[in-house]
K.L.:
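Structure below; questions to follow.
Bear in mind that the values here come from a model prediction, so they are computed numbers and not experimental data.
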Amino acid sequence: TTPPVPAGQAAGQTATLNGTVSITIGGVPATVLFAGIAAGSAGVYQFNVQLPAGLAAGDLPVVIQYNGVQSSQTAYLRVL
């Protein structure tokens with residue numbers, strides 16, 4: 001991250017991930033507004049995205065890629 005956050009320590013300030021982050025929701029690319037660690041947290045990464053227009057309603061899979069590595073956990077976002 002920039003600035004660096006030592007492992008196991010809370011971030012003293014917001015720290016942005018270095019590298020390329022892409023996120024899809026229901027297979028549709030979302031605009032990533034922030035990807036990193038919020039101030040005061042340790043080991044918890046936050047992703048702020050703008051939802052793509054025209055998403056179908058339902059429980060849509062959220063897939064994160066960081067430097068070409070895809071998330072292995074299945075997460076869903078309920079869209080009404």
K.L.:
Please check if L77 and V28 belong to a single hydrophobic cluster, counting links between Ile, Leu, Val, Met, Phe, Trp and Tyr side chain heavy atoms closer than 4.5 Å.
P.N.:
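Linked, L77 and V28 end up in one cluster.
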K.L.:
Report the residues that fulfil side-chain contact (heavy atoms from CB on, under 4.5 Å) with T20, sequence neighbours left out, ordered by chain and then residue number.
P.N.:
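Result, side-chain contact (heavy atoms from CB on, under 4.5 Å) vs T20: N67.
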K.L.:
Indicate the atoms forming the closest heavy-atom contact of Q46 with A38, along with that distance.
P.N.:
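Heavy atoms of Q46 and A38 come nearest at OE1-CB, 3.4 Å.
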K.L.:
Sequence neighbours excluded, which residues qualify as side-chain contact (heavy atoms from CB on, under 4.5 Å) partners of V32?
P.N.:
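Partners of V32 under the side-chain contact (heavy atoms from CB on, under 4.5 Å) test: V21, I23, A35, V49.
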K.L.:
Is there a path of hydrophobic side-chain contacts, each under 4.5 Å between heavy atoms of I, L, V, M, F, W or Y residues, that connects F47 with I37?
P.N.:
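Same cluster.
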K.L.:
Which hydrophobic side chains are connected to V44, either touching it within the sub-4.5 Å cutoff or through other members that do?
P.N.:
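Answer for V44: none, a lone residue.
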K.L.:
Take atom OH in Y45; do more than 12 heavy atoms of anything else shown fall under 6.0 Å from it?
P.N.:
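Not buried by this count: 12 neighbours or fewer within 6.0 Å.
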K.L.:
Using the side chain to side chain contact (heavy atoms under 4.5 Å, CB included) rule, take T14 and F34 through it: C-alpha gap first, then chi angles, then the decisive distance, then the call.
P.N.:
CA-CA 10 Å; T14 300; F34 172 78; 3.3 Å; yes
K.L.:
Taking all non-hydrogen atoms of both residues into account, name the closest pair between A57 and L80 and its distance.
P.N.:
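Heavy atoms of A57 and L80 come nearest at CB-C, 4.2 Å.
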K.L.:
Show every salt bridge (Lys or Arg N to Asp or Glu O under 4.0 Å) that has at least one partner inside residues 48-67, sequence neighbours left out.
P.N.:
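Applying salt bridge (Lys or Arg N to Asp or Glu O under 4.0 Å) to every pair that reaches into residues 48-67, excluding sequence neighbours, yields D59-R78.
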K.L.:
Which residue pairs pass the salt bridge (Lys or Arg N to Asp or Glu O under 4.0 Å) test when at least one of the two sits in residues 36-51, sequence neighbours left out?
P.N.:
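Listed by first then second residue: nothing to list.
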K.L.:
So, does S71 use its side chain to make a donor-acceptor pair with the main chain of I64 at under 3.5 Å?
P.N.:
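Yes; judged by distance alone, with no hydrogens or angles, the pair exists.
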K.L.:
Let me check something: do L60 and L51 share a hydrophobic cluster, defined by ILVMFWY side-chain heavy atoms less than 4.5 Å apart, either directly or through other members?
P.N.:
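Yes, it is one cluster - the side chains of L60 and L51 are joined through contacts under 4.5 Å.
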K.L.:
Mind checking side-chain contact (heavy atoms from CB on, under 4.5 Å) for P29 and listing every partner two or more places apart, or none if nothing turns up?
P.N.:
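Testing P29 for side-chain contact (heavy atoms from CB on, under 4.5 Å), a comparison that skips the adjacent residues, returns none.
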K.L.:
Establish whether V62 and V79 are linked, either directly or via other cluster members, by ILVMFWY side-chain heavy-atom contacts under 4.5 Å.
P.N.:
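Yes, V62 and V79 fall within the same hydrophobic cluster.
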K.L.:
Which pair of non-hydrogen atoms, one from P3 and one from Q13, has the smallest distance, and what is that distance?
P.N.:
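P3 and Q13 have their closest heavy atoms at CG-NE2, 3.0 Å.
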